[in-house]
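By convention in this document, chain letters (A, B, ...) are assigned in the order of the sequence lines, proteins followed by strands, and residues within each chain are numbered from 1.
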Amino acid sequence: MSEWWTYRAEDFLLFSPRSYWRMFELQNEAYWPLPVLMLALGGIVTFLASRGGRSALRWAAAILAGVWCFVAYTFLWNRYAGINWAMAYVAPAFVLEALLLLGIAIRPGVRLQPRGLSAWIGYLLLAFATVGVPLLPSLHGRERSTAEVFGIAPDPTVVATLGFLILLRGRWPALLYPIPLLWCLLSGVTLHTMGEAQAWMPFAVVALVVAAAAAAAIRRPLPPPA
Amino acid sequence: MPTTRRTFLQASMAATLVPAAQAAEAPPLTRPIPSTGEAMPMVGLGSWITFNVGDDPQLMDECAAVMAAFFAGGGHMIDSSPMYGSAQPVIGYGLKKLGQPKALFSADKVWTSGDGAAQIAETRSFWGVPRFDLLQVHNLVAWETQLPLLFEMKAAGKLRYVGITTSEGRRHDLFEKIMRDHPLDFVQLTYNAVDREAEERLLPLARERGIAVIVNRPFQQGALTRRLANAPLPDWAGEIGATRWAQLLLKFILAHPAVTVAIPATSRVDHVRENLSAAAGPLPDADLRERISASAREA
């Protein structure tokens, strides 16, 4: 790209807020009553994550992998890519994240750690993704039909996954952070560029994930002296 | 009938309102395309962002309504690009719904470093037109390859006009060189009451070389009109029949003698009518243009 330094985020915005929010309205309509069932599924993931144990981890990771694939195909590929060609490249990244989720489900050495400060941040994100994000239209003066629902729309799906990842311990979960964190940044920049007040949300989620990582690092015992 | 205070006020109001109403109904002024003399209404319709609505049937119908109002108001040129997401198929949908209006002046772009001919064929199928009136090399992407392709198409009768585009003041040096070296019919560039860099070299050169000028981003992608939304319209706006800031801003652009057509994008029927009416009334003189520019900068 020539003279790349002269480009601003606005130059890459291809669509208007009305087209953006209508996508969620159409997505909810197209899969109704799945959005209601997905709320329950989000609750099940939170419940499994709070139980701990290998079996709960596997089920929760498998459910999340499934909804990442569903969102990748039905929303990013079939809908969002229609107004933003870049989504055709993001959809495969969502499928990759789904594969990574399946990978940690079968990987030994990964476990759930449902206690401690960082765990509470994880629960907070899971709860917010499931019941908080769908309420944001009321907070920001939009039609409730434009609600973003876990398992149906990318933002709440990503936020719930980050909440789940915070509850995991082991080396491998670190590999699963980049895609959802990058999505949060992309979503935040998109909303901010459109002048949407909801831009605070993805950025706040990134800040909470960083806080959780810091809390987990502080709690981790120092290695014994050599 | 004796003149009472009421009849005087009614007559005064009528005198104020009638010209504006007439201006709204009158067709937009035209300027000739220098290379052929063909008359072009001075306000066209852009499609950047506003027509990128995917396959949403409700929003596609809203875009078709904007197009209907545009043609009904005397507009001709609709401009798009392969870069604008779903805007091209949405325009095609609107044209089909409106029965392929005869007034259409179809302007699109080639935006690829790959197979330009294939991209143009796909674009044409989206629009549903037998050929384009104007094709432009979008932001000079692969212009060394694509510009000769467009000239070949023109020579073969598959295209009427050839142009190049830039936006936001980028690559003006190269843009100027291409204007000097090639027999272009059109150039498209950013020019508005705040971004006036084009006045220095490109607009005078376009006049000198007989190249038509399309002005994009007349409202700085809506930023100018948003900034001015709460500012009171100056009293002198009435001198040129402007009742909205958007009209003043458009009149500033259209009054430049090198400008052929401005292409504001909108998703609203009332705005498309308002834009067309800007070209139906008197245009500002040099002094008034400076006042418009100063007001826009101060806002």
Counting only N and O atoms by type, is there a donor-acceptor contact under 3.5 Å from the side chain of A/Asn28 to the main-chain atoms of A/Phe24?
yes
Within a strict 4.5 Å, meaning less than it, do heavy atoms of the A/Phe94 and A/Pro154 side chains meet?
yes
Identify which of B/Asp56, B/Leu140, B/Thr50 forms the greatest number of heavy-atom pairs closer than 4.5 Å to chain A.
B/Asp56
Checking the side chain of B/Arg201 only, and the main-chain atoms of B/Glu176 only, is there a donor and an acceptor separated by less than 3.5 Å?
no
Less than 4.5 Å to any heavy atom of chain B: does that hold for the side chain of A/Arg79, its backbone, both, or neither?
neither
Can you check whether B/Gly46's main-chain N or O pairs, donor with acceptor, with B/Asp79's side chain at less than 3.5 Å?
no
Which bit of B/Arg217 comes within less than 4.5 Å of chain A, counting heavy atoms only: side chain, backbone, both or neither?
side chain
Keeping A/Thr193 on the side-chain end and A/Val189 on the backbone end, is there a donor-acceptor pair under 3.5 Å?
yes
Quick check on B/Gln220 against chain A: is it the side chain, the backbone, both or neither that has a heavy atom closer than 4.5 Å?
neither
Using heavy-atom distances under 4.5 Å, tell me whether A/Leu26 contacts chain B through its side chain, its backbone, both, or neither.
side chain
